[in-house]
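Below is one structure, written out as structure tokens; the observations come after it.
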Amino acid sequence: FFRSKHNTFFPVERMMSRPFSCDTFVSVIGGYTVFGKNSDRPKDEVQNVVYIPGATHPPGAAVRCTYIEIPQAQQTLAVVLSQPYWMWGAEMGCNDRGVVVGNEAVWARISPSLEKRLLGMDYVRLMLERGSTAAEAVDVFTTLLEQYGQGLGGGVRGQVVGSPEGGPRHPQHFQRSEHWDGF
């Protein structure tokens, strides 16, 4: 038996049969991006839909992500995010250039770090704020991943990305690195 946070007991078989996954799709058709995503976030977790305007930031500025601070980009794009109430990052979103990103669990043979680093959802927001195309968003992701890694045991995360100019992108398109070995 498994004991939930509400002191309800469930047979382990029932818990094991519950799907724990996100499903995301991106299709670019005739210059239009169609994006869909379901999420495996807890059913009681509030997801705020927020608009964050684009901005120009002074040289040397920093941005506080969920757990760590990193250098801020000089220019950020306007974004609409579906954001768990407690974190800086996002489960999914889009920017004013038509780029869409969805957070995904990636089943890998590597163990996630328990150190405070960027979370998969931090990467979603950073990719959207800094990437004008799907290809640029993937570059943002891989560059920051090499610098800051990914941590806090939330599982290894990847992103599904698309834009009218860059088409759909997903983890198999990412540059292989020490962080991606074993996919």
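Just so we're clear, the structure is a prediction, and the values are computed from it rather than from any experiment.
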Consider only side-chain N and O atoms of Glu91 and Ser82, and report whether a donor and an acceptor are under 3.5 Å apart.
-> no

If you round to the nearest 0.5 Å, how far is OG1 of Thr143 from CG of Leu126?
-> 11.5 Å

Hey, could you give me the CG/SG distance between Leu128 and Cys94, rounded to the nearest 0.5 Å?
-> 7.5 Å

Are the side chain of Glu136 and the backbone of Ser132 linked by a donor-acceptor contact shorter than 3.5 Å?
-> yes

Transitive ILVMFWY side-chain link Val63 to Leu77, under 4.5 Å | no

Rounding to 0.5 Å, atoms CG (Asp122) and CE (Met127) come to a distance of 12.5 Å

Geometric class of the Tyr67/Trp86 ring pair [parallel <30°, tilted 30-60°, perpendicular >60°] = tilted

Heavy-atom distance under 4.5 Å between the side chains of Leu81 and Arg125, does that happen here?
-> yes

Could you please spell out the steps behind the side-chain contact (heavy atoms from CB on, under 4.5 Å) verdict for Tyr85 and Glu45?
-> CA-CA 7 Å; Tyr85 73 93; Glu45 181 181 72; 4.0 Å; yes

If you round to the nearest 0.5 Å, how far is CG of Asn48 from CE of Met87?
-> 12.0 Å

What heavy-atom pair brings Asn95 and Gly131 nearest, and what distance separates the two atoms?
-> ND2-O, 2.8 Å

Would you say the side-chain atoms of Gln75 pair up with the backbone N or O of Ala55, donor to acceptor, closer than 3.5 Å?
-> yes

Is the charged tip of Arg64 near the ring of Trp88: under 6.0 Å from the six-membered ring centre and within 45° of its axis?
-> no

From Met121 CE over to Met92 CE, what is the distance, rounded to the nearest 0.5 angstrom?
-> 9.5 Å

Is Tyr51 isolated, or which residues cluster with it under the ILVMFWY side-chain rule of less than 4.5 Å, directly or via members?
-> Val49, Val80

Report yes if the side chains of Pro84 and Val46 come closer than 4.5 Å at any heavy-atom pair, otherwise no.
-> no

Heavy atoms, side chains only, cut-off 4.5 Å: are Val138 and Val140 in contact?
-> no

Quick one: pull up CZ in Arg130 and CG in Asp139 and give me the separation to the nearest 0.5 Å.
-> 13.0 Å

Between Thr66 and Lys116, is a side-chain contact (heavy atoms from CB on, under 4.5 Å) present by the stated rule, with each step listed?
-> CA-CA 9 Å; Thr66 303; Lys116 288 187 176 182; over 6 Å; no

Let me see the working for Arg117 and Gln150 under side-chain contact (heavy atoms from CB on, under 4.5 Å), right down to the final yes or no.
-> CA-CA 5 Å; Arg117 296 182 178 178; Gln150 185 170 277; 5.7 Å; no

